[in-house]
Amino acid sequence: SGFIAKRKYQVNMKSVAVLLALVGSAAAFAPAPVARTSNALSMGLEGMPGATAPWKGFDPLGLATLGSDSTLAWFRAAELKHSRVAMLATTGYLVQGAGIHFPGMLSS
């Protein structure tokens with residue numbers, strides 16, 4: 001009688017373990033909740049992505065108030081492009097300073 005009760009307990013525990021594994025694997029393939037994105041064109045300077053403390057609306061030259069919302073979006077895109085070019089230039093400067101050069105002469 002003790003063996004049968006122990007056997008039922010093992011079967012129930014195995015069933016629970018299999019059930020939990022199935023639920024866990026099903027949750028892995030469930031669609032993730034989609035975060036609501038906001039349009040940067042329709043919000044002010046303070047609510048834009050990238051505005052961080054302590055100066056959330058830091059704009060000493062007042063460039064955010066020039067033109068329309070599309071002008072501000074163009075300014076942000078230009079700033080992003082120029083920062084990427086500056087990072088690439090800095091990387092090139094550091095690589096050249098480390099003594100890594102392309103083979104050959106540039107003048108030929």
Can you give me every donor-acceptor pair (side chain of residues 87-98, partner residue at least two apart or in another chain, under 3.5 Å) with its distance?
from, atom 1, to, atom 2, distance (Å)
Thr90, OG1, Ala86, O, 2.9
Thr91, OG1, Met87, O, 2.9
Gln96, OE1, His101, ND1, 2.8
Gln96, NE2, Ile100, O, 3.4

Contacts of Ser68 that satisfy side chain to side chain donor-acceptor pair (under 3.5 Å) - sequence neighbours left out: Ser70
In terms of hydrophobic clustering (I, L, V, M, F, W, Y; side-chain heavy atoms under 4.5 Å; direct or indirect links), are Leu63 and Trp74 co-clustered? yes
